[in-house]
Every structure is written in structure tokens, then in C-alpha cells.
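Working notes for the structure below.
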Amino acid sequence: MTVKNMTVKEITNKVLNNEELFLFDVRTEDAYQDWKIEGENFSYLNVPYFDLLDGVEEIVGQLPRDKEIAVVCAKGGSSQMVAEMLVEEGFENVYSVEGGMKAWSEHLEPVKVNDLKDGGELYQFVRIGKGCLSYMVVSNGEAAIIDSTRMTDVYVDFAKELGVKITNVFDTHLHADHISGGRKIAEQTGATYWLPPEDAGEVTFDYQPLRDGDHVTVGNTNIDIHALYSPGHTKGSTSFVVDDQYLMTGDILFIDSIGRPDLAGKADDWVMDLRETLYTRYKELSDDLIVLPAHFMIMDELNEDGTVAEKLGTLFEKNHGLNIDDQEEFRKMVTENLPPQPNAYQEIRETNMGKISPDNEEQREMEIGPNRCAVR
Amino acid sequence: MNVTKTLDATGLACPMPIVKTKKAMKDIEAGEVLEIHATDQGAKADLTAWAKSGGHELLQTEEDNGVFKFWIKKGE
């Protein structure tokens, strides 16, 4: 018997359009508690597939007959089996999520943020399952990519479709939650790969050091990318001002949270860097800059059009992490009671330094789970 | 360790390793040990959780050249 599949692209559209969906997650309870597909109007049931091998009779009462049900597992095999059993029980609107949570983790949704002055364009790539955000700045036949994921084909193909050449690739810092595709894209396209040298002390490959005040122009038009040293999440963390309008904050400042300083192992040392960046360096910038972070943590941080973006002035008013007057209280917030660290974050850092070279399957496993780069 | 039965589930993707494990468990008695070989990355977490929910005891796990090995003692 064949079962209808639902793609992660279709699920993404349901998330962005606030549609209803009943998710029947058949992974283990631990895996489900750790990380699941989030949607404003999604409802859930979690029963591991191995408790359903003898039949689904015991749980069918907990599933709606009048709603679309998407069965999801780790990779799409077990969900197919369970979905087939449900079809045999007479359920009609049952789908198996193609590729499971692995596909969900890897899906990138390109969303246009806006046109730039002088005819350029700015795109945000929303990695919706993991909460990672990367960017493509396009102008006059050239493109720059910031904080790319390891799904490099998506960017290369996207640039090809737009008919632009990727000339510059940046990472705002050495990532600990996901494997960067920056180096690979640069190798493939001949682009320059920029990294902040303070984060790159142990890297095993050549890169272009990115320093405070560096200007990189994309295309012939004047779409400057201006690097701003903003340490705190890592020692080298660097922000970008693009086209005098956008502030790419990396993992320093998010919409509803701020970066955590402990993933490279130096929470206590970097607390004051983080405070200085958020409370002094960013304060000196224009309130009208639109903040484009490298992550989101919760679906509430998405705007209606699917972008994750907010005015800096609004964040200074509303983001709790920017409104803690007492330094000691701030220190406690960003160093104590932190959420668990991202899955395999040490190995991910080593991969991004070029020290280890896991294969594709291993890279997937390393990236399982949410990004967890923030404190709220 | 006294292994009563060995199951080769290498090359099989989820859910097959557990489907086969469950079946193989029916062929042994309570207190006897089943040895399982699998290559699916998800097998470790799933077999651990499955053994627990079924009242079996996961005695030992090992990874050898990409092959995960499990020893599960059948529960009462």
C-alpha cells in the first residue's frame, strides 16, 4: 500500500501561513521532548513507532478523523509504516513526512527581505527546523553570502537562478551549532572566504581575515558591507552593516533573546564583551537599522512574511536582554542556568575549524536538534 | 557473555532493526541474551528506548567500524 507523502516544504508553508496540522511524532519520547516541528496552530501526539508494531488500535482514539495528520519520525521510514497502518484503520488525511526530522532540519526557505538602494536585493534563508538564518546580498551580477549552512547547493543554485556570481562569503563567527558551508562555497565558486581572525586561531585552512572597519563592495553599485567588531558570543564575533540599512548581528543579538557567551568555553571572560557590544557599541548605531540575526529560537520571532527582522530601536525597547541595568544581574543571566549546549557543539566547532572532516551522514547526526545559541 | 541468538540487522533502515529485534526476542526465553548488529545511526537511541519500554535489559553496546552492537537480555 502506498501512503501520501508530505514534504518539509509543504510543512514550512503551513507554519508560515499559520495553518492547522496534527503532527503524530513517532520518535522516542526523549527525541520529541528535545526538538520537534513547531507551528502556531499545530497539535501533537507522541508515541514511539516501536510501541505501535503490534497495531495502532490503542491510540487511534487520540487522533482526529477530520484533520490532516502528518506522521513524522527521524528519517521517514517508520512514519511511512505507521501512516500505512492508519490508512488501514480508515484514516483518509494521513501523510508521512518525507525524509522526517532530517529533512526538516535541512530545509532552507529563501525569503526576500527587501530591495536595496541602487537596485540590489537582500534574501534571508530561513532554516526553519533548526532556527538558523543565513543571507544573500545581491547586486549587479554579484552575490555575497553570510553565515551559510552546509546545504551549499541551495545557495549556489539560487545564485545561478538569479544569474549572479558569488564573490564573497562571510561567517560572522566560528559557529558551534551548525556546520558552516562557507569554505565549501568559496572553494567551489572561487569566492573570498572571510572569517574573524580572533575566532580562527585554530583553523587549518586559508581565509581572509575580517576586521573592524573592513568594507566589502558587492557588485558595482555601492552596497557596502561594513564589519563591526562585536565580541561576546565568541571572541571574534563580527556584525555587518549592509547598505546603511541592515545590521546583521550574528549570534550576538536576536529578536527576543541575546547570544550566550559560553559555547566556546569562556562564559565568564566574555560576559563584559557581550555587555559592551550590546549596551555600548550597538547603542551608538542608528535605531532605524533593521536587525537581521543568525538565529531564531521560537516561531513568535518570525514576522508575517516569514522573515526574522526587527528595528534596532524596537529591540532596545522590547528585548529583555537589552534592558538589564544591573551588571551583576546581567552576568548571572548569561552565565547561570543556561539551556543545554547544542548537540555535538565541540565536534561542530572542530569541523568548522577544518580539524575533523566527518562525512555527510555524520554531519547530519551532529546537527540534530535545535540551535540553542541564545539566552532569554 | 552467553549469547543465545544473534541478529544481523546491518544495512537496514528504521524501522526494520526494531521490527526484526522484536521478532527475534520471541524466539528466546526470559533471561536469555540477544546480540544485535545494526548500522542505522538511529538504532542506538531507539533500541535503548524500546528495550526499556518492553521491560528488557540493555546489557552492553559497542561500536565497531560503523557497526553498532547491542546485547539485550529478555525480560520476564
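Chain A is the first sequence line, chain B the second, and so forth, proteins listed ahead of strands; every chain is numbered from 1. Just so it is clear, the structure is predicted and the values come from calculations on it, not from any experiment.
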Can you establish whether the number of heavy atoms outside B/K73 located under 6.0 Å from its atom NZ is more than 12? no
Considering only heavy atoms, which portion of B/A13 lies under 4.5 Å from any heavy atom of chain A: side chain, backbone, both, or neither? neither
What pair of heavy atoms forms the shortest contact from A/E362 to B/Q41, and how long is it? CG-NE2, 4.4 Å
Side chains of B/D46 and A/T28 only: does a donor on one sit below 3.5 Å from an acceptor on the other? no
Say you draw a straight line from CZ of A/R27 to SG of B/C14; how long is it, rounded to the nearest 0.5 Å? 11.5 Å
Flag the pair A/F50 / B/S53 as yes when at least one side-chain heavy-atom distance between them is below 4.5 Å, and no otherwise. yes
More than 12 heavy atoms from other groups under 6.0 Å of CD on B/E57: yes
Is atom CD of B/Q60 surrounded by more than 12 heavy atoms (other residues, nucleotides or ligands) closer than 6.0 Å? yes
Using a cut-off of 6.0 Å, state whether more than 12 heavy atoms not belonging to A/K4 lie near its atom NZ. yes
Heavy-atom pair with the smallest gap, counting every atom of A/K75 and B/G42: NZ-N, 4.1 Å
Around atom CD of A/Q346, are there more than 12 heavy atoms of other residues, nucleotides or ligands at under 6.0 Å? yes
For A/Y49, is it the side chain, the backbone, both, or neither that has a heavy atom closer than 4.5 Å to a heavy atom of chain B? side chain
Within 6.0 Å of CD in A/E361, more than 12 heavy atoms from elsewhere: yes
Under 4.5 Å to a heavy atom of chain B? For A/D30 that would be neither
